[in-house]
Amino acid sequence: MDKKVSYEAFWMPFTANRDFKQNPRIINRAEGMYCYTDQNVEMLDATAGLWCVNAGHGRKEIGEAMAKQVAELDYSSPFNFGHDIGFEFAERLVKYTPPGLNKVFFTNSGSEAVESALKIALAYQQAKGNTGKFKLIGRELGYHGVNFGGISVGGLTPNRKGFGPLLQTDHLDHTLDIARNAFSKGLPENGVEKAEQLERLIQFHGAESVAAVIVEPISGAGGVILPPKGYLRRLREICTKHDIVLIFDEVITGWGRLGSPFASEEFDVIPDLITSAKGISSGVVPLGAVFVQDKIYETVVNNAPEGAVEFFHGYTYSGHPVACAAGLATLDIYEKEGLLTRGSGEIGQYFEDGLHSLKGIGSIVDIRNYGLIGAVQFAEASHGKPIGFDILKRCYDKGVMVRSMGNTIALSPPLIIEKEHIDVIIDTLGQVAKELPSE
């Protein structure tokens, strides 16, 4: 099939543009578990697009809800005006959040949700009179989007280099410990003591200067790194002790990925703020949110003079009516099909068993999983260059779309996945692993 368009104008994000344009991987159609190339080749989507298409591709219910909303109200300013569907959506969302997180601040993406959460945390500390609390703590290998706040607290070196001075932050060590935890099924047993580093960082900087700590319950783009048992709970205890806002970045782990609506519920640890995006609309339309503890909202809002703007932050498209319609339709699907808890059942166990069946292939040094998220880490090549991208290409050539991060392949399939799809993913990844050149 002849090329239909020019590939020159689009500067693609997080992509090796020169490499891509020499041999483009073009997806022009999608349905269910599958995407289809410009050559109409069927590709099994093992990553739910980009961790986001939780309900599967091409859900007509979502498109129909969006079309109906466009005809009724396509847009209205969120500054000093409201619309019923925005309030309706917020009320539906907080039915899924942990106790106390009953306020929703809408954004358009995970990056914006993180930026908003950091500013909410800072505004809260200021409203409480903690004027010296402005420092932020993130974690190595954490990904919190690409805005300046997000890359400041983020822990992926390539995302931070080359952009000049960032916010005043410090970072916890990551929790990946292959030496002690390789091939763990679910949360690893070893490493809860790593949480004690937070106490040391707070003592070093002074509790009076630290405003917030932000972590992903499970690090996604850093390589699907799971917290040791008890680790998140210990972070919660330390933050509570020192009056520090704890933020869980659940852009990836939210909306059923782990077998519960949120990781905070799955791991029984309640943060002060939760960031959300991706699965909130099943990736159909850009949409994000910050879920906020009531006490934080009330402190910020009630501290301002009557009639004054309480929080000088927001976006033109915050709570966009068409995005809210998409989100409501997505929630309907999740509820009707039981997708938010599916990963904790038989299909999640089958996924785990399939992943760990790859243990023993010589190039594989670790396998990590929880619910319907997993990672296979390969040994570093002798030339020192990451091999994940080469594995991604080889899987693509065999009809499976995966995600690569360094020497790690991440899997996060749509929550509608069935056993036969898992079999194809595992068989393909196993074939590719065995085909890797020996060094």
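Residue numbers start at 1 and run along the sequence shown.
The two residues Ala221 and Trp51 have their closest heavy-atom pair at N-CZ2, 4.1 Å. The heavy-atom pair separating Asn54 from Arg257 by the smallest distance is OD1-NH2, 3.0 Å. What you find for Phe106 and Gly86 is that their closest heavy atoms are CE1-O, 3.8 Å. Residues Ile26 and Asn28 approach most closely at CG2-OD1, 3.5 Å, considering heavy atoms. Residues Ser264 and Phe248 approach most closely at CB-CD2, 4.0 Å, considering heavy atoms. When all heavy atoms of Ile244 and Gln125 are compared, the pair lying nearest together is CA-NE2, 4.1 Å.
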Stepwise salt bridge (Lys or Arg N to Asp or Glu O under 4.0 Å) test for Glu337 and Arg342: CA-CA 9 Å; Glu337 300 180 11; Arg342 193 163 184 261; over 6 Å; no
Chi angles and distances behind the salt bridge (Lys or Arg N to Asp or Glu O under 4.0 Å) call for Lys295, Glu298: CA-CA 5 Å; Lys295 66 177 182 180; Glu298 291 163 2; over 6 Å; no
Test log, rule salt bridge (Lys or Arg N to Asp or Glu O under 4.0 Å), inputs Asp243 and Lys128: CA-CA 10 Å; Asp243 194 15; Lys128 287 185 68 176; 2.9 Å; yes
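Surrounding OH of Tyr334 are more than 12 heavy atoms belonging to other residues, nucleotides or ligands, all under 6.0 Å away. Other residues, nucleotides and ligands place no more than 12 heavy atoms under 6.0 Å from the OH atom of Tyr317. At most 12 non-hydrogen atoms from other residues, nucleotides or ligands lie less than 6.0 angstrom from CD of Glu31. The neighbour count for Phe20 CZ, taken as heavy atoms of other residues, nucleotides or ligands under 6.0 Å away, is above 12.
Taking the side chain as every heavy atom from C-beta outward, Leu355 and Leu411 approach each other to under 4.5 Å. Between Ile85 and Leu328, some side-chain heavy-atom pair lies under the 4.5 Å cut-off.
Formation of a donor-acceptor pair under 3.5 Å by the Ser219 side chain with backbone atoms of Gly222 is not found in this model. Proximity of a side-chain donor or acceptor of Glu193 to a complementary backbone N or O of Tyr231 within less than 3.5 Å is not detected. Side-chain N or O atoms of Ser111 include one that pairs as donor or acceptor with a backbone N or O of Val146 at under 3.5 Å. Side chain of Asp177 to main chain of Thr175: no donor-acceptor pair is present (N/O by atom type, distance under 3.5 Å, no hydrogens or angles). Judged purely by atom type and a 3.5 angstrom limit, Thr15 uses its side chain to pair as donor or acceptor with the backbone of Pro13. Judged by distance alone, with hydrogens and angles left aside, the side-chain atoms of Thr37 form a donor-acceptor pair with the main-chain N or O of Gln39 at under 3.5 Å. A donor-acceptor pair is defined here as one N or O able to donate and one able to accept, closer than 3.5 Å; such a pair exists between the side chain of Gln197 and the backbone of Asp173. A donor-acceptor pair under 3.5 Å is absent between the side-chain atoms of Arg236 and the main chain of Leu246, judged by distance alone.
Atom CD of Glu420 and atom OH of Tyr350 lie 8.5 Å apart (nearest 0.5 Å). The CG atom of Asp38 sits 12.0 Å away from atom CZ of Arg25, with the distance rounded to the nearest 0.5 Å.
Between Tyr96 and Trp255, the ring-plane angle classifies as perpendicular under the 30° and 60° cut-offs. The aromatic rings of His313 and Phe311 are tilted relative to each other, their planes meeting at an angle between 30° and 60°.
Evaluation of the salt bridge (Lys or Arg N to Asp or Glu O under 4.0 Å) test over residues 132-149, restricted to residues two or more places apart or in two chains, returns none. Residue pairs meeting the salt bridge (Lys or Arg N to Asp or Glu O under 4.0 Å) criterion with at least one member in residues 152-172: none, sequence neighbours excluded.
If you run side chain to side chain contact (heavy atoms under 4.5 Å, CB included) between Glu115 and each of Asn147, Val290, Thr275, only Asn147 comes through.
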What donor-acceptor contacts under 3.5 angstrom involve side-chain atoms of residues 149-156, with partners at least two apart or in another chain?
| from | atom 1 | to | atom 2 | distance (Å) |
| --- | --- | --- | --- | --- |
| Ser152 | OG | Phe148 | O | 2.6 |
| Ser152 | OG | Leu167 | N | 3.0 |

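In this structure, the ring of Phe262 has its center less than 6.0 angstrom from the ring center of Phe291.
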